Amino acid sequence: MNELMDNGTTWAEVIASFFSKKMHAEEEKYIKDRIKEVEEDCKKKDYFNSDLIKNYFNDGKLKKQKQEESISFQRRRIQALLSIKDVLADLDLSGAIAELGRDSYEIKIKEIAEKYEPAQWIAKASKAAESVSFATHVSKLTHSKIDSPSIYDQVSATKAEYVTTSALTVKAIDGAVAGNQFAPIFQLLELECNGVKLAAELSDPNSEALKLFSKTDKYLEWNKGFGKALVAGSPASHLLAKQVYFPIKQLDSYETQYHLLCNVTSSSMAQAIFEALFSDEAKKTQKTLQERKFIEAENRYFPKKGKLSVTASNHSNASQLNGSRGGKLYLFSSSPPTWQSQAKPPIYQSSFFNSQLRHFVSKSDIDYLRDFLIRFDKIDLSIKHPERKKWVDAWVSRIVDDVLAYASIIQNMESGWSATEAIRLKHEHQLFLDPYREDEAFLAMRKANTWQATVCADFALWLNKTLTGKEKLFSPQQEHTRMWVALIEEPLREYDELIRMEMKAGRVSV
């Protein structure tokens with residue numbers, strides 16, 4: 001492969017940028033650690049009585065000041081700290097300020113530069129490349145290469161009835177390392193230049209991607225060393241993979257056919273799920289919806305998902321993708337759907353808010369709301385506890401959405417059912433649920449909107465009764481009733497306005 005890519009970018013430029021970022025990151029950490037030492041010593045000596053020192057370590061002001069590149073900002077902090085050195089003259093700073101002085105700082109920068117001198121670093125990394133492997137299935141997400149082998153699934157066949165790694169159009173490849181010190185080797189091989197990964201580039205033993213960093217043909221030896229990280233090897237299971245095989249057929253006296261019941265989790269699939277849930281686009285969509293703003297993007301909602309903490313945090317020996325996920329896997333519910341009764345017009349019931357409605361309202365939202373309210377005797381949440389009020393609003397809003405969704409099912413049945421003789425349903429509820437009835441007197445009463453107050457009040461009574469339950473652990477107060485009414489009034493009004501617009505558009509003659 002040629003070193004010069006289509007748009008003029010070279011591998012040398014990409015790799016040089018990699019080393020530059022590594023040096024800046026280590027320099028930045030060095031500065032932060034030294035400044036942190038100074039801050040801790042200042043706290044011990046109560047030096048925060050000085051406004052000059054207090055302002056220097058003020059996090060709020062620091063965030064406002066930090067506008068340039070991170071490393072430039074940290075270098076500027078050194079100069080600012082040295083400018084107040086006289087104020088700290090009588091304080092034992094454990095040598096932290098001294099280490100940020102010109103001579104000591106330059107010595108440290110020289111050490112970092114030598115550590116990341118490309119030729120030396122690459123030569124050392126190529127010899128240790130066998131401590132890194134690329135995989136779609138990392139059998140142990142912590143200590144990923146030390147304890148057990150990993151698998152690189154390159155199978156392209158798919159089956160529509162199964163969700164497999166092969167079904168991924170873009171497959172994120174994980175990196176298993178024998179120790180955290182080898183992680184930068186994986187990061188180097190993951191570098192990309194115009195859509196080509198360095199690992200793929202170096203699969204050609206004659207690649208010249210590293211040539212510019214070698215004065216001789218040494219780069220060919222480096223290619224050979226990095227090639228050891230690309231050898232998949234024979235697939236093999238391991239005790240720590242915790243796979244479960246069930247015997248299904250005895251082929252002969254020496255061989256048994258097994259069915260795999262518990263397979264190795266695909267790290268590539270886990271990453272695809274993670275990105276679907278927490279990508280920048282997904283977060284933006286959720287934020288827009290929470291703000292009740294219109295958005296054209298498709299909203300993907302995954303109810304009842306579970307979270308499994310593989311590691312408590314970004315473990316130093318975690319596989320690369322597991323580390324980027326913060327040591328977490330996300331699981332989707334595979335339980336069968338809950339059977340729901342077929343909706344029917346509540347002709348022979350006195351209220352729309354009846355036992356049938358409960359089948360269409362999320363039980364978990366009711367349970368969460370009840371448990372939350374039981375903790376508090378009073379609900380003066382709007383002023384004293386806005387955070388609590390926010391949670392209550394969220395649960396009730398979801399319940400209201402379920403109620404209106406169920407109402408829409410009845411409203412879209414054949415119109416005129418409310419004209420049935422001997423109907424028992426409250427008149428206001430008839431006006432709510434049969435909006436397309438072709439009856440001028442009926443529609444005139446509906447336009448008056450007086451029925452909405454009754455529906456809101458009845459919703460509040462129903463919700464109070466539902467929250468009370470058989471155990472009667474929750475005792476509704478007037479504050480609750482007022483709150484439930486307030487939380488359904490606007491959604492009901494907006495919902496009915498959509499129906500009016502639809503009627504004006506010509507669904508029925510009014």
Side-chain angles (χ1 to χ4, degrees), residues 289 299-306 332-374 391-418 420 422-437 451-452 454-476 480-481 483-496 498-499:
L289 290 171
N299 176 36
R300 298 179 180 179
Y301 175 61
F302 304 94
K304 299 182 180 179
K305 59 181 177 290
F332 296 134
S333 173
S334 58
S335 58
T338 303
W339 175 262
Q340 292 184 344
S341 302
Q342 185 176 1
K344 298 178 181 178
I347 297 172
Y348 302 110
Q349 299 189 42
S350 60
S351 173
F352 162 65
F353 299 99
N354 51 50
S355 58
Q356 190 177 9
L357 174 60
R358 294 181 186 176
H359 297 295
F360 291 84
V361 175
S362 170
K363 183 177 181 299
S364 60
D365 285 334
I366 293 289
D367 291 342
Y368 285 138
L369 179 59
R370 181 192 296 113
D371 293 342
F372 190 83
L373 293 172
I374 288 172
W391 281 103
V392 172
D393 286 356
W395 282 314
V396 177
S397 294
R398 286 200 288 267
I399 293 169
V400 168
D401 288 343
D402 289 343
V403 168
L404 295 180
Y406 177 51
S408 71
I409 294 173
I410 298 174
Q411 289 170 337
N412 284 286
M413 293 178 179
E414 187 175 352
S415 62
W417 56 263
S418 62
T420 303
I423 186 171
R424 294 182 58 197
L425 186 64
K426 186 181 293 188
H427 188 64
E428 290 83 357
H429 292 199
Q430 295 178 37
L431 296 171
F432 171 41
L433 298 171
D434 197 7
Y436 306 111
R437 175 176 163 179
W451 57 269
Q452 291 189 7
T454 300
V455 171
C456 292
D458 289 346
F459 165 76
L461 292 174
W462 168 83
L463 183 55
N464 279 335
K465 184 177 179 180
T466 304
L467 292 170
T468 301
K470 295 180 181 179
E471 299 82 4
K472 297 184 178 180
L473 298 176
F474 169 66
S475 300
H480 300 104
T481 303
M483 188 179 296
W484 310 155
V485 169
L487 287 171
I488 194 176
E489 280 179 335
E490 184 177 353
L492 177 61
R493 185 165 54 251
E494 292 177 351
Y495 177 77
D496 192 59
L498 292 175
I499 293 176

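Note that the structure is predicted; figures quoted are calculated from it, not measured. What's counted below: heavy atoms across the whole structure, side chains too, no hydrogens, waters or symmetry copies.
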Heavy-atom side-chain contact between Val455 and Phe352 under 4.5 Å: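 Counting from C-beta outward, Val455 and Phe352 never come under 4.5 Å.
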Side chain proximity check, Asp458 to His429, heavy atoms < 4.5 angstrom: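 When only atoms from C-beta onward are counted, His429 and Asp458 do touch, with a gap below 4.5 Å.
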Could you report the tightest heavy-atom contact between [X] and [Y], atom names first, then the distance?
X: Leu467; Y: Ile366; answer: CD2-O, 3.7 Å
X: Trp484; Y: Phe459; answer: O-CE2, 3.8 Å
X: Trp462; Y: Ile399; answer: CZ3-CG2, 4.2 Å
X: Tyr495; Y: Ser408; answer: OH-CB, 2.9 Å
X: Leu425; Y: Pro346; answer: CB-O, 3.5 Å
X: Gln356; Y: Gln349; answer: OE1-NE2, 4.4 Å

Approximate separation, where rounding is to 0.5 Å, of [X] [atom1] and [Y] [atom2]:
X: Leu373; Y: Leu473; atom1: CG; atom2: CG; answer: 12.0 Å
X: Ser351; Y: Glu428; atom1: OG; atom2: CD; answer: 10.5 Å
X: Ile409; Y: Leu404; atom1: CD1; atom2: CG; answer: 11.5 Å
X: Trp395; Y: Phe372; atom1: CH2; atom2: CZ; answer: 5.5 Å
X: Ser364; Y: Arg398; atom1: OG; atom2: CZ; answer: 7.5 Å
X: Ser418; Y: Tyr436; atom1: OG; atom2: OH; answer: 13.5 Å

Please assess Ile499 against Asp496 for the test side chain to side chain contact (heavy atoms under 4.5 Å, CB included), listing each intermediate value before the final yes or no. CA-CA 5 Å; Ile499 293 176; Asp496 192 59; 4.2 Å; yes
Verify side chain to side chain contact (heavy atoms under 4.5 Å, CB included) between Leu433 and Trp417, making sure each step is shown before the conclusion. CA-CA 10 Å; Leu433 298 171; Trp417 56 263; 3.7 Å; yes
All salt bridge (charged side-chain N to carboxylate O under 4.0 Å, His left out) counterparts of Asp402, not counting sequence neighbours: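 For Asp402, no residue satisfies salt bridge (charged side-chain N to carboxylate O under 4.0 Å, His left out) once neighbours in sequence are set aside.
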Taking only residues two or more places apart in sequence, or in another chain, which ones meet Lys363 in a salt bridge (charged side-chain N to carboxylate O under 4.0 Å, His left out)?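 Partners of Lys363 by the salt bridge (charged side-chain N to carboxylate O under 4.0 Å, His left out) criterion, ordered by chain and then number, come out as Asp367.
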Can you tell me if Arg437 uses its side chain to pair, donor with acceptor, with the backbone of Leu431 under 3.5 Å?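 Pair absent, no side-chain N/O of Arg437 close to backbone of Leu431.
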N/O donor-acceptor pair under 3.5 Å between Asp434 side chain and Gly416 backbone: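 Judged by distance alone, yes, a pair lies under 3.5 Å.
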Aromatic contact between His359 and Tyr406, with the criterion being ring centroids under 6.0 Å apart: yes or no?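 No - the distance between ring centres of His359 and Tyr406 does not fall below the 6.0 Å cut-off.
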Going through the distances and angles, do Phe474 and His480 end up as a side chain to side chain contact (heavy atoms under 4.5 Å, CB included)? CA-CA 11 Å; Phe474 169 66; His480 300 104; 3.6 Å; yes
Which label fits Phe432 and Trp451: parallel for a plane angle under 30°, tilted from 30 to 60°, or perpendicular past 60°?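 Rings of Phe432 and Trp451: parallel, as their planes differ by under 30°.
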Check this for me: Tyr368, atom OH, are more than 12 non-hydrogen atoms of other residues, nucleotides or ligands nearer than 6.0 Å?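 For Tyr368, atom OH is not crowded (no more than 12 foreign heavy atoms under 6.0 Å).
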Kindly indicate, with the supporting measurements, whether the criterion side chain to side chain contact (heavy atoms under 4.5 Å, CB included) is fulfilled by Leu463 and Phe353. CA-CA 9 Å; Leu463 183 55; Phe353 299 99; over 6 Å; no
